[in-house]
Amino acid sequence: MNQQEPRADSISMCASTPILLRSNSLSLQRPSPPPTELLQILHPSMAPRKPREPQVLESFYPLLALVFLLVACTELCDAATVVDVYRLIHYDISAVPFGSRAASLNHHAASLHFPPAAAAADLSRTVFIIPLCELNFTFVKECISQRKRLGGLLILLPKILGSDGPKNDDFKCPQNGDGMIKDLLVELERLLIHATLPYPVYFASEGEDINAVLADVKSNDATGQLATATTGGYKLVVSVAEPRKLVSSTITNIQGWLPGLKSDGDASQLPTIAIVASYDTFGAAPELSVGSDSNGSGIVALLEIARLFSLLYSNPKTRGRYNLLFGLTSGGPYNYNGTHKWLQSFDHRIRESIDYAICLNSIGSWDDKLWLHVSKPPENTYIKQIFEDFSNVAEDLGFKVDLKHKKINISNPRVAWEHEQFSRLRVTAATLSGISAAPELLERTGGLADNRLFLNESAIAKSIKLVAESLARHIYRYEGKNIQVFADDSSLAINPTYIRSWLDLLSRTPRVAPFLSKDDPFISALKKELEVHTHDVSLQHEPFDGMFTFYDSTAAKLHIYQVASVTFDLVLLLVLGSYLVLLFCFLVITTRGLDDLIGLFRRPPSRKVKTA
């Protein structure tokens with residue numbers, strides 16, 4: 001029997017109602033529940049709940065507490081103190097390494113008060129803090145000779161070496177057999193600059209903060225156990241990049257002239273007297289190599305002599321018939337390489353016009369005798385004349401000058417004195433110095449022991465007067481006459497204030513040549529001062545001697561942290577972990593409900609795959 005077809009409008013009205021086709025028949029079904037209601041019927045636990053009102057402040061409180069806890073933990077690890085430190089020089093000679101070969105530090109601190117049993121332990125993660133006056137040279141020599149692997153060395157220099165230290169005449173170390181501080185510094189520097197150390201070595205000045213840290217470290221070491229990650233203690237951290245080679249290093253020579261007076265119609269060239277001093281330094285720590293005596297005293301003497309003779313040469317009536325050439329040379333510690341290049345740049349007529357040259361070196365720490373070092377035999381006529389001039393003036397001034405002859409070997413590249421560079425070019429020259437014997441390479445060149453405190457200003461003034469009077473007697477033909485051109489009560493008297501001001505500046509200015517740029521303020525200051533007293537001042541820039549290679553990272557900041565033991569770290573980690581777990585549970589319960597939290601830890605039901 002045929003069924004009546006439904007009307008089109010009835011179908012369109014029920015378009016949204018699900019239909020089911022069974023046995024080619026069309027029948028109307030009861031409306032299905034909405035998807036949300038269906039989900040609630042099938043899986044009540046997974047049905048979305050009615051959102052609660054946001055509880056922003058309640059959720060923010062736990063987070064705020066966590067922040068405070070983390071900040072508190074950070075404060076526990078904050079730096080106990082920060083100290084300026086200066087690294088041991090890092091250099092090569094003909095590709096042979098010397099000095100400290102590393103710069104970064106991140107190790108625990110220790111002192112020399114550690115028990116003997118700890119000496120056999122692994123010290124590669126231990127930095128020894130050693131005051132100079134407590135320094136055990138046997139320990140340092142063993143570390144160098146036996147190539148011990150240390151984490152590093154921090155050597156504390158006495159406070160008197162700084163600008164704020166007390167000044168007195170007794171610089172002894174009672175803790176080190178009453179040894180003189182200067183002698184200890186000289187011995188230490190000699191050991192370190194000729195050694196190859198694979199770990200960082202730093203210098204720092206003593207102070208209240210670092211001394212307090214050292215006292216705590218000594219107390220801990222006295223218990224018989226070195227500080228480690230397990231026991232806690234102090235950690236020393238220096239965060240710097242790996243040292244890099246200095247490229248394109250230059251040396252700069254400065255020269256100025258005081259031209260002499262020529263007679264009318266005299267076409268011949270006037271003879272020249274050269275006064276020369278090397279101005280750069282070398283030491284165990286480049287940032288501390290101020291060289292107050294070597295060769296700050298020589299620089300000051302040259303500038304004062306230029307000032308005195310500029311007064312004479314400014315008046316034609318008192319201008320001498322000698323040209324005066326003033327030279328401030330670089331590369332002194334490196335076989336006077338700058339002096340060699342300076343002389344090579346001269347026209348041969350200028351070199352031939354030099355009557356003689358006086359080089360000034362370390363004239364600020366002698367007692368009653370100066371030395372005149374020469375390369376030509378004492379019987380040489382010119383040498384004999386120079387020595388007589390200086391001896392006679394020294395006798396009038398109440399001290400003595402001795403002659404020291406040292407023959408040079410042309411085939412030997414080692415140049416011990418600056419005048420030897422003149423002698424190699426057959427120019428008569430001598431070096432006036434308070435040092436009796438030629439120093440070894442890179443020694444007595446303005447290092448740690450060459451400090452303002454050990455300088456004798458009156459010795460420098462006497463040296464200046466000796467040179468100035470000797471030159472005046474030679475220039476004005478006053479040989480054999482007891483005439484003082486630069487008398488103390490005259491307008492040509494030596495100026496102690498001028499000397500002191502330059503000594504103060506030089507004693508604060510490190511002058512290691514590879515670290516001085518062409519336009520360094522110190523070089524500009526020397527040039528400007530020489531321009532005040534002389535004429536035709538010029539600079540000569542030359543490449544640094546390729547035999548020497550230097551590396552940067554000479555100064556840094558040392559951060560000292562007081563760290564807890566590993567037990568404290570584990571307890572702290574457990575507390576933080578527990579707190580975070582509780583915080584997580586609290587946040588889940590307050591935002592999604594307890595059922596959701598339980599569901600996170602419930603094992604999901606396994607699904608069985610129906611097989612056909």
Side-chain angles (χ1 to χ4, degrees), residues 255-262 270-277 296-328 355-360 363-364 366 370 372 385-386 388-399 401 430 432 455-506 526 528-537:
Q255 70 176 35
W257 291 86
L258 280 178
L261 181 65
K262 277 189 176 184
L270 291 177
T272 300
I273 296 177
I275 302 95
V276 187
S297 60
I299 300 170
V300 172
L302 183 143
L303 294 176
E304 176 66 357
I305 293 170
R307 186 189 70 83
L308 293 174
F309 276 93
S310 68
L311 298 176
L312 288 173
Y313 274 53
S314 62
N315 188 345
K317 294 182 179 180
T318 56
R319 185 182 300 172
R321 297 188 180 275
Y322 277 82
N323 295 325
L324 296 183
L325 171 61
F326 296 89
L328 289 167
D355 198 3
Y356 65 88
I358 293 295
C359 304
L360 308 174
I363 55 175
W366 54 279
L370 279 170
L372 197 65
Q385 183 63 50
I386 296 172
E388 287 180 1
D389 290 343
F390 276 77
S391 296
N392 294 335
V393 174
E395 186 177 354
D396 295 340
L397 296 176
F399 58 91
V401 173
L432 182 69
L455 207 60
N456 186 345
E457 290 184 18
S458 106
I460 297 178
K462 290 180 182 179
S463 302
I464 293 172
K465 193 163 187 178
L466 169 66
V467 177
E469 291 288 356
S470 301
L471 293 178
R473 293 188 183 188
H474 184 81
I475 293 172
Y476 298 107
R477 310 294 183 184
Y478 289 160
E479 292 95 339
K481 300 177 183 179
N482 189 10
I483 299 176
Q484 287 196 17
V485 177
F486 305 99
D488 293 338
D489 55 352
S490 68
S491 60
L492 295 175
I494 293 172
N495 188 343
T497 304
Y498 182 83
I499 295 173
R500 186 175 301 110
S501 63
W502 270 99
L503 283 177
D504 290 341
L505 173 63
L506 293 168
L526 287 181
K528 184 177 180 180
E529 186 64 24
L530 209 55
E531 286 174 338
V532 174
H533 308 304
T534 63
H535 307 286
D536 300 327
V537 176

### Query
Do you know which of I299, I305, V300 makes side-chain contact (heavy atoms from CB on, under 4.5 Å) with L303?
I299
Mind listing the closest non-hydrogen atom pair of [X] and [Y] along with its distance?
| X | Y | value |
| --- | --- | --- |
| S470 | V393 | OG-CG2, 3.6 Å |
| I460 | G364 | CG1-CA, 3.5 Å |
| V401 | A394 | CG2-CB, 3.6 Å |
| I363 | G298 | CG1-N, 4.4 Å |
| L530 | Q255 | CD2-C, 4.0 Å |
| A277 | L302 | N-CD1, 3.8 Å |

Once rounded to the nearest 0.5 Å, what's the spacing between atom [atom1] of [X] and atom [atom2] of [Y]?
| X | Y | atom1 | atom2 | answer |
| --- | --- | --- | --- | --- |
| D355 | T272 | CG | OG1 | 8.5 Å |
| F309 | F326 | CZ | CZ | 7.0 Å |
| L312 | I475 | CG | CD1 | 8.5 Å |
| L324 | T534 | CG | OG1 | 10.5 Å |
| Q484 | R473 | CD | CZ | 7.5 Å |
| L258 | I273 | CG | CD1 | 11.5 Å |

### Task
Determine whether more than 12 heavy atoms belonging to other residues, nucleotides or ligands lie under 6.0 Å from atom CD of E388.
yes
#### Entry: Steps toward side chain to side chain donor-acceptor pair (under 3.5 Å) verdict (Y356, H474)
CA-CA 11 Å; Y356 65 88; H474 184 81; 4.6 Å; no
### Message
I need the full list of side-chain hydrogen bond (donor to acceptor under 3.5 Å, both in side chains) pairs touching residues 298-310, with sequence neighbours left out, sorted by first then second residue.
### Response
E304-R307
### Query
Any sub-3.5 Å donor-acceptor pair from Y313's side-chain atoms to N323's backbone N or O?
no
Close side-chain approach of [X] and [Y], heavy atoms under 4.5 Å:
| X | Y | result |
| --- | --- | --- |
| E469 | Y478 | no |
| F390 | L370 | no |
| P496 | E457 | no |

Using atom types as modelled, flag every donor-acceptor pair under 3.5 Å from a side chain in residues 486-493 to any protein atom, sequence neighbours excluded.
unit_1, atom_1, unit_2, atom_2, d
D488, OD1, K465, NZ, 2.9
S490, OG, A487, O, 2.8
S490, OG, L492, N, 3.3

### side chain to side chain donor-acceptor pair (under 3.5 Å) partners for N456, two or more places apart
S458
